[in-house]
Amino acid sequence: MSDEIRRNMPLFSMGTITKLTDLTPRQVRYYEQQDLIRPERTRGNQRLFSFHDVDRLLQIKSLMEKGVNIAGVKEILQDQDRSQDSKRAEQKPRPSKPDLSEEELHKLLKRQLSELSYQPNRGHLISGELSRFFH
DNA sequence: GTTCTCACA
DNA sequence: TGTGAGGA
């Protein structure tokens, strides 16, 4: 599948990425430190992102807007990676697997809330966001 | 002009 | 996470 190659081809600069994702360079670099993405580097040590990276960054952004923290995003993306690997290993076309089931997300968020006993700053926003999960 | 790393009144 | 320094 040459599509994989194109998808992972390093093409975008930091500037392009920030415009594409609306994230700050600071955030993008931080997410890389957290091993959420692994962009290539040029000789000058400049980051080069692929379509794949853009997708992941958008997913990260989306999840965090839902109230998931870095740790949670990590788990979700890890699970995602695992299922992708097993797919390749089994060489199954597409067993059809949604990004993340509502049930999974609820479970994750619930656990996070109990562990963190609400985040100090965004606590209100989160409980607002999550209110529908507990009704 | 951009991006990189490191460090923090 | 933001921001500034200092360099490539």
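Just so we're clear, the structure is a prediction, and the values are computed from it rather than from any experiment. These values consider heavy atoms only, across backbone and side chains, with no hydrogens, waters or symmetry-generated copies. Each chain gets a letter, A, B and so on, in the order its sequence line appears, and its residues count up from 1.
Residue order along DNA chain C, read from the 5' end via each residue's closest nucleotide, puts A/Y30 first among A/Y30 and A/Q46. Nearest-nucleotide assignment on DNA chain B puts the 5′-proximal partner with A/G15, out of A/G15 and A/Q33. When each of A/L23 and A/G44 is assigned the nucleotide of DNA chain C bearing its nearest heavy atom, the one mapping closer to the 5' terminus is A/L23.
Between A/R26 atom CZ and B/dT5 atom C1' there is a gap of 11 Å when expressed in whole angstrom units. Going from atom NZ of A/K19 over to atom C1' of B/dT2 covers 11 Å, rounded to whole Å. Between A/F49 atom CZ and B/dT3 atom C1' the separation is 10 Å, expressed in whole Å. The nearest whole Å value for the distance from the CD atom in A/E32 to the P atom in B/dT3 is 14 Å.
Nearest heavy atom pair, residue A/T18 against residue A/G15, reads OG1-O, 2.8 Å. Across all their heavy atoms, A/K74 and A/Q34 have their closest contact at CE-O, 3.2 Å. Annotation for A/M14 and A/P25: closest pair SD-CA, 3.9 Å, computed over non-hydrogen atoms. Closest heavy-atom contact between A/R56 and A/D81: NH1-OD1, 2.9 Å.
Helical stems in DNA chain B, defined as runs of 3 or more consecutive Watson-Crick or G-U wobble pairs with both donor-acceptor distances under 3.5 Å, are listed by first residue as B:4-8 with C:2-6.
Bounding nucleotides for the chain A contact on DNA chain C, 5' to 3', at a heavy-atom distance below 4.0 Å, are C/dT1 to C/dT3.
A donor-acceptor distance shorter than 3.5 angstrom exists from the side chain of A/T21 to the backbone of A/I17, with no hydrogens or angles considered. Of the possible polar contacts, none joining the A/S2 side chain to the A/I5 backbone as a donor-acceptor pair under 3.5 Å is found.
A/L48 CG to A/D53 CG: the interatomic distance, rounded to the nearest 0.5 Å, is 10.0 Å.
Within the structure, every side-chain polar atom (N or O) of A/R47 is placed at least 4.0 Å from both OP1 and OP2 of B/dT3.
Within 4.0 Å of A/R41, counting heavy atoms only, lie sugar-phosphate atoms of the nucleic acid but no base atom.
Partners of A/F12 by ring-ring contact (aromatic ring centres under 6.0 Å, His included), not counting sequence neighbours, listed by chain and number: A/F51.
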Could you go through the side-chain contact (heavy atoms from CB on, under 4.5 Å) check for A/L108 and A/E75 one step at a time? CA-CA 9 Å; A/L108 187 66; A/E75 292 182 42; 3.6 Å; yes
